[in-house]
Amino acid sequence: MPNILLTRIDNRLIHGQVATQWSKIVGANLLLVANDEVAHDEFRQSLMDMAAPSFAQTRYFTIDKTINVIHKASDSQLIFLICETPQDVLRLVKGGVPIKKVNIGNMHMAEGKHQVTKAVCVDESDIQAFKELKELGVELEIRRVPSESADDINKLFN
């Protein structure tokens, strides 16, 4: 069973908050970005590597590769799993990745989305993915940084 310490949805993937706050709080030594686009974008990977903490390794896998290899992770790998969208997390869960809890950090405003918290904007596809995750027994938490208290998760469904 892989040691997934935290799964986070964050449009920015690896950046300052993830590197300096979340990684330390959870004690991760591997930041695994599961994203189809980034897995093939060496430029974005190099930018994220610069932001990553020195005490953690980084990996950039497609959703399918994550599903296929995460169960081979060493017990010593303390994994912080980072996804861009709730749809990516849902694909991972449906693919058998043992995700029990999801931290929802940053989901930027875009066409068709509405703001539910200071840092989270959703559309109908996001809402549906969150509903499915909840039905699959995944705990959802909206929290931008570890020092803040969690926002009311029901805001996602309004």
Side-chain angles (χ1 to χ4, degrees), residues 4-63 66-67 70 78-95 97 99-134 136 138-158:
I4 300 172
L5 304 177
L6 179 66
T7 300
R8 178 174 168 91
I9 297 171
D10 194 319
N11 292 137
R12 299 171 294 175
L13 300 170
I14 298 175
H15 58 90
Q17 286 173 353
V18 165
T20 62
Q21 295 180 39
W22 286 106
S23 297
K24 287 180 185 174
I25 289 288
V26 301
N29 62 18
L30 175 62
L31 306 183
L32 172 54
V33 173
N35 180 272
D36 291 343
E37 289 178 25
V38 171
H40 304 292
D41 188 336
E42 290 182 16
F43 178 71
R44 281 184 71 191
Q45 290 176 25
S46 66
L47 292 175
M48 286 186 267
D49 283 343
M50 286 190 280
S54 59
F55 57 82
Q57 296 181 322
T58 56
R59 297 287 183 274
Y60 304 95
F61 294 165
T62 63
I63 299 297
T66 303
I67 290 166
I70 200 154
L78 306 174
I79 303 168
F80 182 178
L81 183 58
I82 308 160
C83 295
E84 191 171 30
T85 68
Q87 294 82 359
D88 285 348
V89 175
L90 182 60
R91 282 179 57 201
L92 291 171
V93 170
K94 287 184 172 181
V97 177
I99 295 170
K100 304 293 181 222
K101 181 177 181 177
V102 175
N103 166 263
I104 304 154
N106 290 289
M107 294 178 60
H108 294 142
M109 180 59 80
E111 189 174 333
K113 292 190 180 240
H114 66 277
Q115 192 165 5
V116 294
T117 71
K118 184 167 64 172
V120 177
C121 301
V122 296
D123 61 18
E124 286 304 315
S125 175
D126 298 329
I127 293 168
Q128 186 57 42
F130 285 129
K131 284 180 180 176
E132 285 187 59
L133 286 166
K134 198 171 175 186
L136 290 167
V138 176
E139 180 185 345
L140 303 174
E141 168 194 73
I142 303 172
R143 188 174 356 174
R144 200 170 51 88
V145 293
S147 59
E148 293 179 352
S149 57
D151 277 310
D152 178 9
I153 198 67
N154 291 313
K155 290 180 179 181
L156 289 175
F157 306 108
N158 297 329

Practice item. Name all residues meeting the side chain to side chain contact (heavy atoms under 4.5 Å, CB included) criterion together with Ile63; count only those two or more places apart in sequence or in a different chain, and write none if there are none. Key: Ala34, Asp36, Ile67, Asp88, Arg91, Leu92
Check your understanding: Do the side chain of Glu139 and the main chain of Lys100 share a donor and acceptor less than 3.5 angstrom apart?
Key -> no
Review point. For Leu78 and Gly27, which heavy atoms make the closest approach, and how far apart are they?
Key: CD1-O, 3.4 Å
Point to revise | From CD1 (Ile14) to CZ (Arg44), nearest 0.5 Å | key: 10.5 Å
Point to revise | Spacing of CG belonging to Leu133 relative to CD belonging to Gln87, to within rounding of 0.5 Å | key: 9.0 Å
Review point. So how far is it from Ile82 CD1 to Leu6 CG, rounded to the nearest 0.5 Å?
Key: 8.5 Å
Review point. Under 3.5 Å, side chain of Gln128 to main-chain N/O of Lys131, donor-acceptor pair present?
Key: no
Review point. Under 4.5 Å between any side-chain heavy atoms of Val89 and Leu81, yes or no?
Key: no
Review point. Between the side chain of His114 and the main-chain N/O of Val122, is any donor-acceptor distance below 3.5 Å?
Key: yes
Check your understanding: Between the side chain of Asn103 and the main-chain N/O of Arg143, is any donor-acceptor distance below 3.5 Å?
Key -> yes
Revision key, fill the gap. For Arg144 and Lys118 the tightest heavy-atom approach is NH2-NZ, 3.8 Å
Review point. What is the minimum heavy-atom distance between Ala39 and Gln45, and which atoms define it?
Key: O-NE2, 3.2 Å
**Study point:** Side chains of Arg8 and Asn106 in contact at under 4.5 Å (non-hydrogen atoms)
**Key:** yes
Point to revise | Min side-chain heavy-atom separation Asn35-Asp41 under 4.5 Å | key: no
Practice item. Could you check Thr66, Ile4, Thr7 and say which one makes a side-chain contact (heavy atoms from CB on, under 4.5 Å) with Leu32? Key: Thr66
Check your understanding: What are the two closest non-hydrogen atoms of Phe80 and Ser23, and how far apart are they?
Key -> CD1-OG, 3.7 Å
Exercise for review: Rounded to the nearest 0.5 Å, what's the gap from CG on Asp49 to CG on Leu31? Could you check?
Suggested key: 9.5 Å
Exercise for review: Look at the side chain of Asn11 and the backbone N and O of Glu84, then say whether any donor-acceptor pair between them is shorter than 3.5 Å.
Suggested key: yes
Review point. Which heavy atom in Arg59 sits nearest to a heavy atom in Leu30, and how many Å separate them?
Key: CG-CD1, 3.5 Å
Point to revise | Validation row: Ile127, Leu156 side chains within 4.5 angstrom (heavy atoms) | key: no
Exercise for review: Please round to the nearest 0.5 Å and tell me the distance separating atom CH2 of Trp22 and atom NE2 of His15.
Suggested key: 10.5 Å
Exercise for review: Evaluate the side-chain proximity of Tyr60 to Leu13: yes if any heavy-atom separation is below 4.5 Å, no if none is.
Suggested key: no
Check your understanding: Considering all heavy atoms of both residues, which atom of Lys113 and which atom of Asp126 are nearest to each other, and what is their separation?
Key -> NZ-OD2, 2.6 Å
Study note, to complete from the structure: Here the gap from Leu140 atom CG to Asp151 atom CG, rounded to the nearest 0.5 Å, amounts to 13.0 Å
**Study point:** Glu42, CD: over 12 other non-hydrogen atoms inside 6.0 angstrom
**Key:** no
Review point. With side chains defined as the heavy atoms from C-beta onward, is the minimum distance between Thr62 and His40 less than 4.5 Å?
Key: yes
Review point. Between Gln57 (side chain) and Asn29 (backbone), is there a donor-acceptor pair under 3.5 Å?
Key: no
